[in-house]
Structure formats: structure tokens, C-alpha cells
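Written below as C-alpha cells is the structure these notes are about.
Small disclaimer: the values here were computed from a predicted structure and weren't measured.
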Amino acid sequence: MSVMNSGALSDAMTVQVRERRRSGVGLILPGGGARAAYQVGVLRAISQMMPQTAPLPFRVLCGTSAGAIIASVLASHASQFRFGTWNLERVWRNFHIDQVFCADTASMLRAGTHWLLALLSGGFLLPPPRSLFDNSPLRQLLGRHVNFAKIRQHLEHGTLDAIAINATSYENSLAVSFYESAHDQVPWKNNWQAGRQEELCLDHLMASAAVPFIFPPVLLQDGFYGDGAMRQASPLQSALELGAERLLVIGVRPSPDSAGSKQLEGASTHSRGSANSPSFGHIFGFMLDTLFADGIQQDIERVKQSARMSEVTHSHSAVNHPRKDILTIYPTMDFSLIAARHTAELPRALKILFRTMGAANPGGRMLLSYLLFEARYTRELILLGYKDAMARRGEIQDFIVSDP
């Protein structure tokens with residue numbers, strides 16, 4: 001083995017660090033409420049494809065809503081990827097709705113009375129409620145499992161390059177990626193999207209997960225914020241801005257040409273013929289599905305098309321232009337059909353509310369699939385994510401370790 005002087009050794013290490021940053025993989029976790037259990041299953045499978053003591057293989061983490069929560073837990077355990085996924089799975093396998101929002105009979109009666117008095121008095125007796133549910137239990141849960149001080153240590157030690165949490169400003173309608181980075185990173189702003197470097201905390205997570213109408217908005221430094229998917233025209237942008245060259249995207253809805261999507265089409269066709277208009281639960285579930293899933297699929301196609309045009313433009317150029325490779329993992333089954341098997345697990349008061357909203361019938365099961373934070377349902381999604389990832393084991397391993 002040749003002996004290198006200290007200067008040469010330092011230069012070699014610098015080159016390695018730059019190369020690692022250049023070829024780093026970014027992880028994109030879109031929102032999805034209870035559906036994010038599928039992402040936990042995929043990540044658990046990926047952790048088992050790697051050595052037991054391996055660190056997090058993703059250099060950049062970007063999450064929205066429930067995806068931001070999963071990203072933050074992973075970042076808290078960036079030096080021990082398998083332990084981080086085990087910790088995630090332990091929570092998601094044993095979920096109950098009362099860990100996310102208050103759904104007991106007393107809480108639901110108080111909320112219903114508040115809405116009724118506010119409506120009947122025109123807001124004079126009581127102001128309108130800020131949301132349908134009280135999600136203070138979620139803040140307590142996150143406080144036990146997300147360690148922002150530890151995340152900053154991983155950034156300082158080079159285990160992680162950056163983490164971004166996406167939220168939407170109600171003040172100026174901007175989709176903001178709040179981030180912390182291990183490197184000098186210039187904030188960005190274009191159209192309706194911006195990147196802002198801040199010391200991350202629980203408020204950012206709660207803001208990212210503040211689904212409109214369902215959970216209350218969160219006050220940050222410059223105003224109130226809600227769910228990050230609301231104005232997010234380019235969900236992949238923050239990861240690319242923060243230095244990721246390849247992106248692994250774990251979705252929560254089957255791709256349009258998948259078997260899972262065809263299952264849903266078959267179910268919809270079977271239920272046609274009814275002259276009844278869509279229920280509130282059906283419409284609201286459709287809105288959530290559009291909010292969480294449409295933007296990410298459209299942005300993936302946009303980035304892929306841009307990459308193809310760039311390859312054509314620079315095919316005869318001597319300059320090496322790095323590609324923006326994207327690997328997507330989508331469910332192979334429709335979650336609405338899975339949720340239908342677990343309706344009985346809802347707390348009694350919530351079951352009555354969903355039945356009133358029309359979320360318990362076939363058309364409203366999409367809403368149920370986003371809010372069913374119950375163990376039997378989340379365990380089934382975790383198992384599906386695990387199986388889907390293991391079925392593509394070679395492809396995933398090649399993507400994570402290969403040089404673009």
C-alpha cells in the first residue's frame with residue numbers, strides 16, 4: 001500500500017466527499033395520513049437489504065405531512081438506518097386513532113356542540129372551531145420520537161446532507177420547504193414555491209401535517225401554515241435544490257397503469273348505476289387524494305421529460321451533465337379497498353361521524369383510507385410496502401449504490 005502525505009490524504013478525502021454529494025440519493029416522502037404506513041413498510045424492506053449497522057443511505061430527506069414525520073424520525077436515527085426503520089414500524093404497527101387526534105365520545109360531543117353553537121349564533125356565543133379534530137395527541141407522540149438536536153448532530157457529522165419539511169403559508173400562499181443543511185445552501189424562491197433555512201422544530205412538523213379543515217393551522221414566525229401539499233407545484237424541487245442527484249419516491253397511491261389502479265376502476269364501475277350524488281365524505285376523500293398524490297406524479301413526469309430533453313441537447317457536448325434519475329415505488333393495491341375491511345375498528349363516535357358524512361359507504365372509503373390510524377389497517381399497509389419493495393430488491397439496491 002502506498003504511503004500518502006497528509007496533504008494528499010486530505011485531498012483524497014475531499015474528492016470522496018464531493019463525489020458522495022454529487023451521487024447522493026434523495027428520499028421523497030409525500031403526505032398521505034394513515035396511508036404513510038406503506039412508506040414505513042418499503043423503508044423497512046430497504047433497511048434489510050443493507051448491512052445491519054449501515055447508516056441512512058439517503059443524503060437528502062424531503063417530506064410532506066405524514067411523510068415529513070417519517071423523514072424526521074429517519075433523520076433522528078441517521079447513523080443506524082435499520083434501528084430507525086424498526087422504531088418507525090413499532091409505532092405504526094401499534095397505531096390507534098387517539099394517538100393522532102381526540103376521537104373519544106366526550107371529545108366528539110364537545111366538538112359537535114361547539115360547531116352547533118357557533119353556527120346557530122353566527123359566531124356570537126362561540127367563535128367557529130379552528131378544525132374538525134384536536135390533534136394535540138400527535139404533538140405529544142412526535143415529541144417522544146423526533147429528536148431535532150440529534151438531527152443537527154447527524155448534519156454536523158456528515159451522516160446526512162439535508163432535511164426539508166414542506167408546509168404552506170396561509171398568509172402569502174407560498175409552498176415553503178423549511179430545511180437544515182450540512183452545507184452552504186442559498187435559499188430559493190420561484191413562482192409559488194420557496195426554500196427557507198431555519199432551525200427545525202415540532203411546530204414545522206405540525207404545520208406540515210395540518211390538513212385543511214381536519215387539523216388546525218400552526219403559527220410559525222411569519223404567520224399560520226397548513227399542510228405542505230396544498231400549494232406544492234413541484235414536490236421534487238427541494239431535494240434537487242439541496243443537492244440530490246437521484247431521487248427515490250415512495251408514493252401512497254397506485255400508479256395509473258398499475259394493477260392497483262385497475263382494482264379501483266373495477267370497483268368504481270361496479271358501483272355505477274346509482275343516481276345518488278357523491279356524499280361529503282366521497283368529495284372530501286377525493287380532495288385529499290388529489291392534494292396528496294396528483295402533484296407528485298405530475299412533477300415526476302415533468303422532471304423526467306426535462307432530463308430527456310437535456311440528454312438530447314447535450315448528447316454531442318463534451319461536458320458531463322449529471323442525470324436526474326428517479327425511481328418510484330407505488331402500491332400494487334388500492335388502499336380504499338383495504339380500508340373497507342377495517343371500518344369496524346373505528347371508535348364508535350368517529351364511526352357515527354363518518355357514516356353521517358358518507359365516508360363509510362363505497363364512495364367515501366377514500367377518506368377513510370387517509371384517516372384510519374388503527375393497527376390492523378396500518379399493519380396490512382406495512383406488509384404490502386415490504387412485499388412491494390422486496391419484489392424489486394435488485395432494482396432498489398442498484399439504484400441506491402450505483403453511480404449515475
Restricting to non-hydrogen atoms, name the atom on [X] and the atom on [Y] that form the minimum distance, rounded to 0.1 Å.
| X | Y | result |
| --- | --- | --- |
| Val252 | Gly32 | CG2-CA, 4.2 Å |
| Leu368 | Ala339 | CD2-O, 3.8 Å |
| Leu247 | Phe399 | O-CZ, 3.4 Å |
| Ala175 | Arg231 | CB-O, 3.4 Å |
| Ala182 | Leu155 | CB-O, 3.2 Å |
| Ile382 | Ala37 | CG1-O, 3.3 Å |

Is [Y] close to [X] at the side-chain level, that is, under 4.5 Å between some pair of heavy atoms?
| X | Y | value |
| --- | --- | --- |
| Leu142 | Met206 | yes |
| Leu248 | Ile46 | yes |
| Lys351 | Arg348 | no |
| Phe81 | Pro55 | no |
| Arg196 | Leu220 | no |
| Leu350 | Phe133 | yes |
| Ile214 | Tyr370 | no |
| Glu180 | Glu199 | yes |

Interatomic spacing from [atom1] in [X] to [atom2] in [Y] - rounded to 0.5 Å:
| X | Y | atom1 | atom2 | result |
| --- | --- | --- | --- | --- |
| Thr64 | Ile70 | OG1 | CD1 | 11.5 Å |
| Tyr170 | Met230 | OH | CE | 3.5 Å |
| Leu346 | Ile97 | CG | CD1 | 5.0 Å |
| Arg365 | Phe354 | CZ | CZ | 13.5 Å |
| Ile163 | Arg152 | CD1 | CZ | 10.5 Å |
| Arg82 | Arg44 | CZ | CZ | 7.0 Å |

Main chain of [Y], side chain of [X]: is a donor-acceptor contact present, judged purely on distance under 3.5 Å?
| X | Y | result |
| --- | --- | --- |
| Tyr179 | Cys62 | no |
| Gln232 | Ser177 | no |
| Ser234 | Leu236 | no |
| Asp134 | Cys102 | no |
| Arg93 | Arg379 | no |
| Arg59 | Thr159 | yes |
| Ser65 | Gly67 | no |
| Gln99 | His96 | yes |

- Applying side-chain contact (heavy atoms from CB on, under 4.5 Å) between Ile250 and each of Leu27, Thr328, Ile28, report the one that passes.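 With Ile250 as partner, Leu27, Thr328, Ile28 yield a single side-chain contact (heavy atoms from CB on, under 4.5 Å), made by Leu27.
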- Query: Can you pull the side-chain hydrogen bond (donor to acceptor under 3.5 Å, both in side chains) pairs that have at least one residue in residues 70-79, sequence neighbours excluded?
  - Reply: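 For residues 70-79, and leaving out neighbouring residues, the side-chain hydrogen bond (donor to acceptor under 3.5 Å, both in side chains) pairs sorted by first residue read His77-Asn87.
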- Message: Under the side-chain hydrogen bond (donor to acceptor under 3.5 Å, both in side chains) definition, can you give me all pairs with a residue in residues 205-219, not counting sequence neighbours?
- Response: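 Residue pairs passing side-chain hydrogen bond (donor to acceptor under 3.5 Å, both in side chains), neighbours aside: none found.
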Mark yes when over 12 heavy atoms from residues, nucleotides or ligands other than [X] sit less than 6.0 Å from its [atom1]; otherwise mark no.
| X | atom1 | answer |
| --- | --- | --- |
| Phe286 | CZ | no |
| Arg139 | CZ | yes |
| Glu171 | CD | yes |

- Query: Can you list the steps and then say if Leu327 with Arg392 is a side-chain contact (heavy atoms from CB on, under 4.5 Å)?
  - Reply: CA-CA 11 Å; Leu327 178 65; Arg392 300 172 62 183; 3.2 Å; yes
- Query: Could you go step by step and tell me if Leu61 and Leu56 meet the side-chain contact (heavy atoms from CB on, under 4.5 Å) rule?
  - Reply: CA-CA 10 Å; Leu61 299 175; Leu56 185 71; 3.7 Å; yes
- Message: Between Thr85 and Gln48, does the side-chain contact (heavy atoms from CB on, under 4.5 Å) criterion hold? Intermediate values first, please.
- Response: CA-CA 10 Å; Thr85 58; Gln48 293 185 2; over 6 Å; no
- Item | Test: Asp289 and Arg35 ion pair at under 4.0 Å |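 Answer for the salt bridge query: yes.
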- Any idea how Phe373 and Phe101 line up, ring-wise: parallel (<30°), tilted (30 to 60°), or perpendicular (>60°)?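 Because their plane-to-plane angle is over 60°, the rings of Phe373 and Phe101 count as perpendicular.
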- Item | Any donor-acceptor N or O pair under 3.5 Å, side chains Glu198, His204 |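 Side chains of Glu198 and His204: pair found under 3.5 Å.
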- Taking it one step at a time, do Phe83 and Ser47 satisfy side-chain contact (heavy atoms from CB on, under 4.5 Å)? CA-CA 9 Å; Phe83 178 76; Ser47 74; over 6 Å; no
